[in-house]
Participant: 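Here you go, one structure.
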Amino acid sequence: MKRLSIIKAGSTFASTGRRFGDFEDWIISGLGSLRCPVEVVDAMHGGGLPEPGDCCGVVVTGSHAMVTDNLPWSLGIERWIPGLVDAGVPFLGICYGHQLLGRAAGGVVGYHPLGTESGTVCIRLADDARQDRLFDGIPGTFAAHATHAQSVLDLPPGAVRLAGNAFEPNHAFRVGRCAWGVQFHPEYSTEVMAAYLEQDALAGVSAGEAPWAGRVLTNFATIACRES
């Protein structure tokens, strides 16, 4: 049976991990009940990337690394992504994974000219998102947790922009039929977002509720399992 592969591109802060678990734990929880098996591949520490034909879906996690550092394990994921897109494997890149998809498909990734975006932010769906399966049932304006210094500065050729805000115009996009990137974190709980703000010592920035953002993960699980 095909597997839903979670490609682990990093780990959370040690203190946050002890309290809440790690990136892959939050993603698995957010995906909900699945009809397909899940595997976690620790690409950062040498885990082998699966063949596209063995995957019913792929999620690439966030990371505390920077895409422009061009680390060998990161470049390996980046080179692997176009084969998934060409094979029509449902793909979801979150934050770092979003940026990897952007660069792998021909876009530009770099430090955001306005600095870091952190906290619970307002996201607005573009018109093209209204018929997009990843955003099914999500209102046109919704709250989401975010923390990033780098962004997809220029979308890949032919990509469809799906969501943004005044700070980050490219919070979500799609490449091809079923490869998505989201800069925000649908897997974060309010408590996890608060832990990140505390870790980064961002005084005056608070974590709010984001009840709709997590639907990105359950929608993706539906897409991946349906097409497996």
Side-chain angles (χ1 to χ4, degrees), residues 1-12 20-45 47-65 67 73-74 76-85 87-105 132-136 138 144-148 152 162-163 171-189 192 210 213-228:
M1 179 181 287
K2 292 184 178 182
R3 304 178 300 276
L4 195 157
S5 296
I6 297 174
I7 310 303
K8 183 175 169 64
S11 288
T12 187
F20 303 114
D22 210 344
F23 297 148
E24 66 273 20
D25 302 312
W26 310 334
I27 290 169
I28 290 170
S29 177
L31 289 168
S33 179
L34 294 170
R35 294 185 294 104
C36 45
V38 175
E39 68 168 356
V40 177
V41 177
D42 191 348
M44 193 175 184
H45 293 102
L49 299 171
E51 293 295 324
D54 294 332
C55 302
C56 66
V58 170
V59 181
V60 178
T61 74
S63 179
H64 292 176
V67 167
W73 59 266
S74 181
I77 300 172
E78 191 175 326
R79 289 190 296 267
W80 174 70
I81 288 173
L84 297 169
V85 176
V89 176
F91 176 96
L92 177 62
I94 297 173
C95 194
Y96 193 86
H98 159 91
Q99 295 163 19
L100 282 180
L101 173 63
R103 203 165 76 161
D132 191 278
R133 294 177 293 169
L134 193 71
F135 290 95
D136 183 48
I138 297 176
H145 304 306
T147 177
H148 64 107
V152 179
L162 298 172
H171 253 294
F173 68 95
R174 187 183 71 249
V175 173
R177 183 174 63 86
C178 56
W180 292 274
V182 294
Q183 182 60 69
F184 61 90
H185 284 275
E187 80 282 22
Y188 275 22
S189 66
V192 167
R215 188 152 181 168
V216 164
L217 288 172
T218 55
N219 284 346
F220 183 76
T222 299
I223 294 165
C225 287
R226 179 182 299 159
E227 299 189 4
S228 61

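Since the structure is predicted, the reported quantities are computational estimates derived from the model, not experimental observations.
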Participant: Using the side chain to side chain contact (heavy atoms under 4.5 Å, CB included) rule, take W80 and V58 through it: C-alpha gap first, then chi angles, then the decisive distance, then the call.
Facilitator: CA-CA 11 Å; W80 174 70; V58 170; 3.7 Å; yes
Participant: Mind checking side chain to side chain contact (heavy atoms under 4.5 Å, CB included) for S74 and listing every partner two or more places apart, or none if nothing turns up?
Facilitator: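 Here the qualifying residues are L71, Y96, L100.
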Participant: Taking C-beta and beyond as the side chain, do V41 and I7 meet within less than 4.5 Å on heavy atoms?
Facilitator: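 Yes, their side chains come closer than 4.5 Å.
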Participant: Give the minimum heavy-atom separation between N219 and L134, together with the two atoms involved.
Facilitator: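 Scanning both residues, the minimum pair turns out to be ND2-O, 2.9 Å.
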Participant: Just jot down the side chain to side chain contact (heavy atoms under 4.5 Å, CB included) partners of S189, sequence neighbours excluded, or say none.
Facilitator: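 Residues passing side chain to side chain contact (heavy atoms under 4.5 Å, CB included) with S189: E191, V192.
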Participant: Got C95 and H185 here, is their nearest side-chain heavy-atom distance under 4.5 Å?
Facilitator: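 A side-chain contact under 4.5 Å exists here.
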Participant: Would you say T12 and F20 make side-chain contact, with heavy atoms under 4.5 Å?
Facilitator: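 No, every pair of side-chain atoms sits at 4.5 Å or beyond.
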Participant: Considering non-hydrogen atoms only, spot the tightest contact between I77 and A43 and give its length.
Facilitator: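 That would be CD1-CB, 3.8 Å.
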Participant: Is there a side-chain contact between F220 and L217 in this structure, where contact means two heavy atoms from C-beta onward sitting under 4.5 Å apart?
Facilitator: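 Of all side-chain heavy-atom pairs linking L217 with F220, none is under 4.5 Å.
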Participant: Test: salt bridge (Lys or Arg N to Asp or Glu O under 4.0 Å). Region: residues 87-99. Which pairs qualify, not counting sequence neighbours?
Facilitator: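 The answer is none; no pair qualifies.
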Participant: Would you say S5's side chain and C55's backbone share a donor-acceptor pair under 3.5 angstrom?
Facilitator: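 Judged by distance alone, no pair lies under 3.5 Å.
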Participant: Just so I know, are the side chains of R103 and V67 near enough to count as touching, which here means a heavy-atom distance under 4.5 Å?
Facilitator: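 A side-chain contact exists here, since the closest heavy-atom pair is under 4.5 Å.
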Participant: Who pairs with A144 by side chain to side chain contact (heavy atoms under 4.5 Å, CB included), at least two apart in sequence or on another chain?
Facilitator: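 Checked A144 against side chain to side chain contact (heavy atoms under 4.5 Å, CB included); matches are I123, F142, F184, A213.
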Participant: Determine the minimum heavy-atom distance between C56 and C36, stating which atoms define it.
Facilitator: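 What the structure gives for the nearest pair is SG-SG, 3.5 Å.
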Participant: What pairs with W26 under side-chain hydrogen bond (donor to acceptor under 3.5 Å, both in side chains), at least two apart in sequence or on another chain?
Facilitator: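 Counting only residues at least two positions away or on another chain, W26 forms no side-chain hydrogen bond (donor to acceptor under 3.5 Å, both in side chains).
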Participant: Between H45 and W73, is any pair of side-chain heavy atoms under 4.5 Å apart?
Facilitator: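 Sidechains of W73 and H45: no contact.
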Participant: State the CE-CG distance between M1 and D54, to the nearest 0.5 angstrom.
Facilitator: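 Interatomic distance, M1 CE to D54 CG, rounded to 0.5 Å: 13.0 Å.
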Participant: CG/D136 to OG1/T222 distance, rounded to the nearest 0.5 angstrom?
Facilitator: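 Rounded to the nearest 0.5 Å, the CG-OG1 separation comes to 9.0 Å.
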Participant: Measure the shortest side-chain to side-chain distance between I223 and L92 over non-hydrogen atoms and say whether it is less than 4.5 angstrom.
Facilitator: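 The answer is no, as the side chains (C-beta and beyond) never meet within the 4.5 Å cut-off.
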Participant: How close do A172 and V182 get, counting heavy atoms only, and between which atoms?
Facilitator: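 So the two residues come closest at CB-CG1, 4.0 Å.
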Participant: How long is the straight-line distance from CZ of R174 back to CZ of R133, given to the nearest 0.5 Å?
Facilitator: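 One finds 8.5 Å between CZ of R133 and CZ of R174.
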Participant: Of all heavy-atom pairs between G76 and L49, which one has the smallest distance, and what is that distance?
Facilitator: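 Minimum heavy-atom contact is O-CD1, 3.8 Å.
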Participant: R3: which residues meet the salt bridge (charged side-chain N to carboxylate O under 4.0 Å, His left out) condition with it, sequence neighbours left out?
Facilitator: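 R3 satisfies salt bridge (charged side-chain N to carboxylate O under 4.0 Å, His left out) with E39 only.
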Participant: Just to verify, what does D22 make a side-chain hydrogen bond (donor to acceptor under 3.5 Å, both in side chains) with, not counting sequence neighbours?
Facilitator: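 Expected list: K8, S11.
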Participant: Test side chain to side chain contact (heavy atoms under 4.5 Å, CB included) on W180 and V216 and set out the steps.
Facilitator: CA-CA 10 Å; W180 292 274; V216 164; over 6 Å; no
Participant: Test of understanding: with side-chain hydrogen bond (donor to acceptor under 3.5 Å, both in side chains), list the residues that count as partners of H145, not counting sequence neighbours.
Facilitator: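 For H145 the side-chain hydrogen bond (donor to acceptor under 3.5 Å, both in side chains) partners, ignoring immediate neighbours, are T120.
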Participant: What pairs with A179 under side chain to side chain contact (heavy atoms under 4.5 Å, CB included), at least two apart in sequence or on another chain?
Facilitator: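 With sequence neighbours excluded, A179 shows a side chain to side chain contact (heavy atoms under 4.5 Å, CB included) to V85, F91, L101, V175, given in chain and number order.
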Participant: Could you point out which residue of T61, V59, I27, I28 forms a side chain to side chain contact (heavy atoms under 4.5 Å, CB included) with V40?
Facilitator: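 Answer to the side chain to side chain contact (heavy atoms under 4.5 Å, CB included) test with V40 among T61, V59, I27, I28: I28.
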Participant: Do P90 and L4 touch side chain to side chain, with heavy atoms closer than 4.5 Å?
Facilitator: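 In short, these two side chains do not touch, never coming nearer than 4.5 Å.
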Participant: By side-chain hydrogen bond (donor to acceptor under 3.5 Å, both in side chains), which residues pair with T147, not counting sequence neighbours?
Facilitator: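 If we apply the side-chain hydrogen bond (donor to acceptor under 3.5 Å, both in side chains) test to T147, skipping adjacent residues, the hits are S118.
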Participant: Considering non-hydrogen atoms only, spot the tightest contact between A146 and H171 and give its length.
Facilitator: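 So the minimum-distance heavy-atom pair works out to CB-CE1, 4.2 Å.
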